[in-house]
Amino acid sequence: SRLTKDPKYTYVRLSELKPGAVVNVYGVVVFFKQPCRTRGTDFCTSLKITDQSNQSVCCNIFCEKLEDHPKIFRIGDIIRLHRVKTQSFNDSVMLINTFGTSVVTFDGEQGGPVEPRTSCRTFHFDQDDSRAVEELRAWRAGRLVVLPSLTPLSAVQPRTFFDLTCQLLAKASMDSSCTLLRVWDGSRCPHPQLKVDIGPDVTEGPWSFSAQKEQLIANILVFDNHVELAKELKVPGDFLRIYNLRAIPGSHRLPGLSSSQPAELHHLAFHLHGGTAYGRGIRVLPETCPEVQELKRVLDSFQDDDLHDLLEAWNTPPERPSGENGSSEPELWLPVAAGRRCSHVLCPERLSEVRRSAPGGFHHVRVQLRSFQPSRPHQLLKLYCSKCCSMQDVPDDDLLEDIFSQASRKAATYEPPPWALSGTATLPLGPSVRTLDVHVSKELLDGVKTKQLIFIMGSSLEEALHLTSGYRNVVPVTSSRGHMTLLDLSAPFLFRGRRRYYGCRSCSNVVMRDPCSGGVELMDEKSIAEALGVELMRLVFLMKLELRDATDSLHAYLWRDAELFFGVTAEDAAANQESQSSVCRTLESLCPKEGSSGGRPWLDLCLVSYRAGDDGGQAQTCYQVCHSAMATP
DNA sequence: TTAGGTTTCG
């Protein structure tokens, strides 16, 4: 019989390395560069590591594919190298990868989970590895080697180099050796930004942002070798760490400033210079990375600003504060994203008190609903992209008919994707009979599954809807440049029963992959969207309520907690007449029309107030319903 | 094979 046993690895201390051997080592990263293109076929990651022997050793990893390179995010990360070759260079020993080398990295922060980062499908990892990582973390911490601080935009000092962790919102190619990256990290840089004049035609991602979001955006110019990587970055959305970014104070003074005013008021430009000295480079951080999780929580809280923008577009300017809060400083309130809780005070505040309070708090109120906007139920629903925080109206059927008919006129000769089987379907609709081009995934050919998903070419909206009774998923398609593709994303990319699913026009990157290749059983709207490169938009309610009590009245927006308020999901309200009627009944009962019998009921609501930037020099306080319950009589 | 840290000059 054969005994299978875990291989036991022995690790050599860095001070014990001799040239000409293949060894396993552990170390703390004290320096690293992002992979850079060599004159050969590979990219090269250069790094330097140290361990408990206090010896530091340089290491080069050559790999053709970027994704196979060590996932080092920060100085202080722990790295484990298996089967690396030692070699003599400049009177010292260095490490280089060879056939069979395996690299795994870990976060270097003490106390955190020991999670291996690797692109290998299989790699050895056991309790001994956890222990080795913890030992190195403790050793590094004990030597007071601090991890480099992560500088938010709000703490950037002019004339310094720093690493920035941020989200990419938009980018623009300035010329062949310079690309502009527009990023944010949720904090506001106190220095005015370098203004970069770019047009919408050269911008990828949104071209303009609301005034208050604009104040949070940093313009970063990346040069030379970094332009190649910048091309691959996805806008909007990629989370980045930019290493060795330089904050350069500009020579231009703001208009109207005297020379006695401090230098802090100068413009600041951010440059990522060419070359790789000092680890200069850009890295896309995975969403699972703790710093990205934290960043997402912070950025998520700014969705309120976009709500504010949308309401402006409705020509319903938010309330200005009736009382003065004392400070005339333009100040941006940064909502505490986590732990946004209602304190559930027993005694509600009066609206007059609420309006006298500074923004940034919670208020329990007992109020009546005096009016609401919009008044037509279908306008309460919006499409919302959680990736770029944009909102859109839900298109009506007239608009959709237009898009479908344009797409069917456009459809020309094309090559169906290799994974699809093509045919025609005959639709008996009314007096006429129509034949449509249809495609199904070859994965579905196993008899019973062919009703799971169908791609239809050249149909009308009505025909697409008709097919939803026979097919679980209906994807309307057209052709473009000889290939099958989705319709304009203003139209639903997917019909499932009565539900229609939309993709975000700025975030989607349509590719016609086979949605069935991941398994027919798992096919929901999310997996189909993902396969097709579509960023799925969510349906949300959005309303403006006019609230009143004996002392005052104010406008509050009902958004995130609207589903709680109505007891109906936005998806249901869009697909289902009964749910829509239920929303209308709720609103009518809370806000009866003049002359109808019955009084106006009282509502217990929790409001959160926030200062929504300074539009035209004056800050505005906005209120959002964040929790609600009907008052018991 | 390649590179083998050590700040651009926009």
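Just so it is clear: chains get the letters A, B, ... in the order the sequence lines come, proteins before strands, and each one is counted from 1.
- For A:Lys33 and B:dG4, the shortest distance from a side-chain N or O to OP1 or OP2 is below 4.0 Å.
- In this structure, A:Phe73 CZ and A:Arg241 CZ are separated by 8.0 Å, a value rounded to the nearest 0.5 Å.
- Nucleotide B:dG5 holds its P atom 14 Å from the CD1 atom of A:Ile49, rounded to whole Å.
- A:Phe62 does not qualify as a stacking partner of the B:dA3 base, lacking a centre-to-centre distance under 5.5 Å together with planes within 30°.
- In terms of heavy-atom proximity, A:Val57 sits nearest to A:Met94 at CG1-CA, 4.0 Å.
- Using a 4.0 Å heavy-atom criterion, one finds that A:Glu64 contacts no nucleic acid atom at all.
- We find that CD of A:Gln34 is positioned 16 Å from C1' of B:dA3, with the value rounded to whole Å.
- Regarding A:Lys85, its NZ atom lies at a distance of 14 Å from the C1' atom of B:dG4, rounded to whole Å.
- Protein atom NE2 of A:His226 is 16 Å distant from nucleotide atom P of B:dG10, rounded to whole Å.
- Nucleic acid contact class of A:Ile96 (heavy atoms, under 4.0 Å, all strands): base.
- Partners of A:Gln167 by side-chain hydrogen bond (donor to acceptor under 3.5 Å, both in side chains), not counting sequence neighbours, listed by chain and number: A:Trp184.
- Nearest nucleotide to the side chain of A:Cys58, out of B:dT7, B:dT1, B:dG5: B:dG5.
- The distance from atom CG of A:Asn225 to atom P of B:dT8 is 12 Å, rounded to the nearest whole Å.
- Here the CZ atom belonging to A:Arg182 is positioned 4.5 Å from the CG atom belonging to A:Asn219, to the nearest 0.5 angstrom.
- Across all strands shown, A:Asn244 has heavy atoms under 4.0 Å from base atoms, whether or not it also approaches the sugar-phosphate.
- A donor N or O paired with an acceptor N or O is not found under 3.5 Å between the base of B:dT2 and the side-chain atoms of A:Arg39.
- Nucleotides B:dT8 and B:dG4 are separated by 15 Å at their P atoms, to the nearest Å.
- In this structure, A:Phe223 does not count as stacked on the base of B:dT8 under the 5.5 Å centre distance and 30° plane angle limits.
- Nearest-nucleotide positions on DNA chain B place A:Ala277 closer to the 5' end than the other of A:Ser177 and A:Ala277.
- Between the C1' atom of B:dG10 and the CG atom of A:Asp224 lies a distance of 8 Å, rounded to the nearest Å.
- Note on A:Gly275: nothing from the nucleic acid sits closer than 4.0 angstrom, heavy atoms only.
- We find that CG of A:Leu245 is positioned 17 Å from P of B:dG10, with the value rounded to whole Å.
- With sequence neighbours left out, A:Val510 forms a side-chain contact (heavy atoms from CB on, under 4.5 Å) with A:Thr485, A:Leu486, A:Leu489, A:Met512, A:Val534.
- Stacking annotation: A:Tyr278 is not stacked on the base of B:dT6 (requires ring centroids less than 5.5 angstrom apart and an interplanar angle below 30 degrees).
- A donor-acceptor contact under 3.5 angstrom links the side-chain atoms of A:Arg246 to the base of B:dT8.
- Stacking here means ring centres nearer than 5.5 Å and ring planes tilted less than 30 degrees, and by that measure A:Phe31 stacks onto B:dG5.
- Close placement of the A:His82 and A:Tyr11 rings is indicated, their centers lying within 6.0 Å of each other.
- In this structure, CZ of A:Arg280 is placed 8 Å from P of B:dC9, rounded to the nearest angstrom.
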